[in-house]
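The structure under discussion appears below in the form of structure tokens.
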There are 2 protein chains.
Amino acid sequence: MSLREQKKLAAWRAIRSAALRLFDQRGYEAVSVEQIAAAANVSRATFFNYFASKEAVVFDQDPQERDHWRALMNARPADEPLWDALTAIMIGFNERLADRMPLQRRLKAQSPALAQSTQDLGEQFRTDLRDWVATRTDGTDPLTATLQFNLAFAAVSTAYQTWPADESFDQYLQRLRRCLAQAGAGPAAKAN
Amino acid sequence: MSLREQKKLAAWRAIRSAALRLFDQRGYEAVSVEQIAAAANVSRATFFNYFASKEAVVFDQDPQERDHWRALMNARPADEPLWDALTAIMIGFNERLADRMPLQRRLKAQSPALAQSTQDLGEQFRTDLRDWVATRTDGTDPLTATLQFNLAFAAVSTAYQTWPADESFDQYLQRLRRCLAQAGAGPAAKAN
DNA sequence: TCCATTATTAGACGGAGTCTAAGTTCGGTG
DNA sequence: CACCGAACTTAGACTCCGTCTAATAATGGA
């Protein structure tokens, strides 16, 4: 990794950690981009070089994290049923969020602007996974593939939404597995 | 309906129709809230009395529409399985969007700002449906209810996302029914 | 050491969204 | 009909987000 790339990564992390620290202390809307930039010792313009918006600094993933989930996708055998692969990838992705999810939840709970944002930590992951599904199911029925893709994310959303404030991250992961299994079986099969 | 209420509704519709007309002509980001207000013969401040944001004018539903979908929900028999009720309500809701969906799609396709917005026409409907599900399933397992709720929306998203530009609205509805049925059966049951 | 490329920066700008204080319209009451 | 309080509208000022430009600084290779 060249010196340039190292510096970029360092700057990215400096901005993000400064921002999260300030958000955590004072709340999302009480902190301006100007203040974040000052705390990270960069200019306001540089902030927007690294993050497309103020919201992005909350939801964007560390650039190196991308390598991990791409590895997850490539690790799935080609003959595995799509739903099983999606389940495994979803769990693998979520297991890595142990550190960031709690903070992100706290911010969302405090800040109206973030609470109503439909974005979440998986925005970039979602794009990559979409592409992976597209290439993997190339030639087969795109409707079924898209549906499974969306159902998998619905299962994750459900696990996240039903996460009580006092529950541990491991319990969240456990419920996530249950949601994925239940979605795979079909709601009509189990409930009622 | 009092004169006051009539005027409010008229103002709401005047603002929205002016906005949609301008957006359609010049594109979403090329039109400012100031211009919308001028076209609707109200002040900028009044615009924000009726719509929480510039985006809301694209996605908010006509106040009277709410009565319709609430009727849809109340029409479901109490002993019907939740998934069947959700399916019926979703279809009933979508059938009413024949007029607005095409325009909304066109705007989304043209405007980057709208394209990345995760909002859609069903935002308020979603809230009401969430409440309806909550009261209906009160006492029973909330996880299963939330999961079915989210899966139903995932099915709608899928039908919407896979809607080709040249396809009719009726074909969209047809595919929506298929997505709901398939989601109800579970992806694992059918595919692969 | 020099040079092309890339990153950073200040500063200005337009527009979104909030707020206040003043004006206007409605609906009920005497 | 005249009045009053409540609800609605409005101009205008303000903050901050996000974009852009043109100038400066740092990097890595020749």
Side-chain angles (χ1 to χ4, degrees), chain A residues 1-16 18-20 22-23 25-60 63 107 110-119 123, chain B residues 1-16 18-20 22-23 25-60 63 107 110-119 123:
Chain A
M1 199 191 226
S2 73
L3 179 55
R4 264 204 145 90
E5 283 171 326
Q6 284 177 27
K7 282 204 167 188
K8 278 196 76 163
L9 186 55
W12 189 96
R13 287 180 174 155
I15 295 171
R16 191 186 75 171
L20 294 184
L22 291 175
F23 289 159
Q25 287 169 358
R26 310 182 203 161
Y28 177 77
E29 32 264 318
V31 179
S32 70
V33 172
E34 191 123 25
Q35 294 170 326
I36 298 169
N41 289 104
V42 295
S43 74
R44 212 174 139 277
T46 300
F47 174 92
F48 284 106
N49 274 353
Y50 285 92
F51 297 94
S53 67
K54 187 183 170 187
E55 274 201 354
V57 82
V58 177
F59 296 114
D60 279 7
L107 292 179
Q110 286 172 352
S111 313
L114 287 180
Q116 71 162 56
S117 164
T118 334
Q119 280 204 310
E123 212 60 32
Chain B
M1 201 190 223
S2 75
L3 179 57
R4 264 210 144 93
E5 282 171 325
Q6 283 176 28
K7 283 203 168 184
K8 278 194 74 164
L9 186 55
W12 189 97
R13 287 181 173 154
I15 295 171
R16 193 188 72 173
L20 293 184
L22 292 175
F23 289 159
Q25 287 169 359
R26 310 182 204 161
Y28 177 77
E29 30 264 319
V31 179
S32 71
V33 172
E34 192 125 24
Q35 293 169 326
I36 298 169
N41 288 101
V42 295
S43 74
R44 211 173 140 276
T46 299
F47 174 92
F48 284 107
N49 273 352
Y50 284 91
F51 297 94
S53 67
K54 186 183 171 188
E55 273 201 354
V57 84
V58 178
F59 296 113
D60 278 7
L107 292 179
Q110 285 172 355
S111 312
L114 287 180
Q116 72 163 54
S117 165
T118 334
Q119 278 205 310
E123 211 61 31

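Order of the sequence lines fixes the chain letters, A, B, ..., with proteins taken first and strands second; residue numbering starts at 1 for each chain. Everything numeric in this text was worked out from a predicted model, so none of it was measured.
The side chain of A/Thr46 contributes no N or O atom lying less than 4.0 Å from OP1 or OP2 of C/dT8. Side-chain N/O atoms of B/Tyr50 include one lying less than 4.0 angstrom from OP1 or OP2 on D/dT9.
Straight-line distance from the CG atom of B/Asn49 to the C1' atom of C/dT25: 14 Å, rounded to whole Å. One interatomic measurement links the two molecules: CZ of B/Phe51 to P of C/dT18, which rounds to 15 Å at whole-angstrom precision. Computed from coordinates, the B/Asn41 CG to D/dT10 C1' distance equals 14 Å when rounded to whole Å. Atom pair B/Met1:CE and C/dC26:P shows a separation of 15 Å (rounding to whole Å applied).
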task: Output, in order, the C-alpha distance, side-chain angles, deciding distance and verdict of side-chain contact (heavy atoms from CB on, under 4.5 Å) for A/Tyr50 and A/Val57.
output: CA-CA 9 Å; A/Tyr50 285 92; A/Val57 82; over 6 Å; no

- request: Given side-chain contact (heavy atoms from CB on, under 4.5 Å), test B/Asn49 with B/Trp12 step by step and report yes or no.
  value: CA-CA 10 Å; B/Asn49 273 352; B/Trp12 189 97; over 6 Å; no

- request: Evaluate the side-chain contact (heavy atoms from CB on, under 4.5 Å) criterion for residues B/Phe23 and B/Ile36: first the C-alpha distance (whole Å), next the side-chain angles of each, then the deciding distance (0.1 Å), finally the verdict.
  value: CA-CA 9 Å; B/Phe23 289 159; B/Ile36 298 169; 3.7 Å; yes

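Atom CD of B/Glu29 has more than 12 heavy atoms from other residues, nucleotides or ligands within 6.0 Å.
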message: So if I define the base as every atom that isn't primed, P, OP1 or OP2, how would nucleotides 13-30 of chain D read as a B/S/- string at a heavy-atom cutoff under 4.0 Å?
response: ----BBB------BBS--

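Considering only heavy atoms from C-beta on, A/Tyr28 comes within 4.5 Å of A/Lys54 through its side chain.
Scanning both residues, A/Ser53 and A/Phe48, for their nearest heavy atoms gives CA-CE2, 4.2 Å. Across every non-hydrogen atom of B/Val33 and B/Arg44, the tightest pair is CG1-CG, 4.0 Å.
Remark on the helix from C/dT1-D/dA30 to C/dG30-D/dC1: inter-end axis angle 10°, axes from five-pair C1' superpositions, rounded to 10°.
For A/Gln119, the side chain to side chain donor-acceptor pair (under 3.5 Å) test picks out no residue, with sequence neighbours left out.
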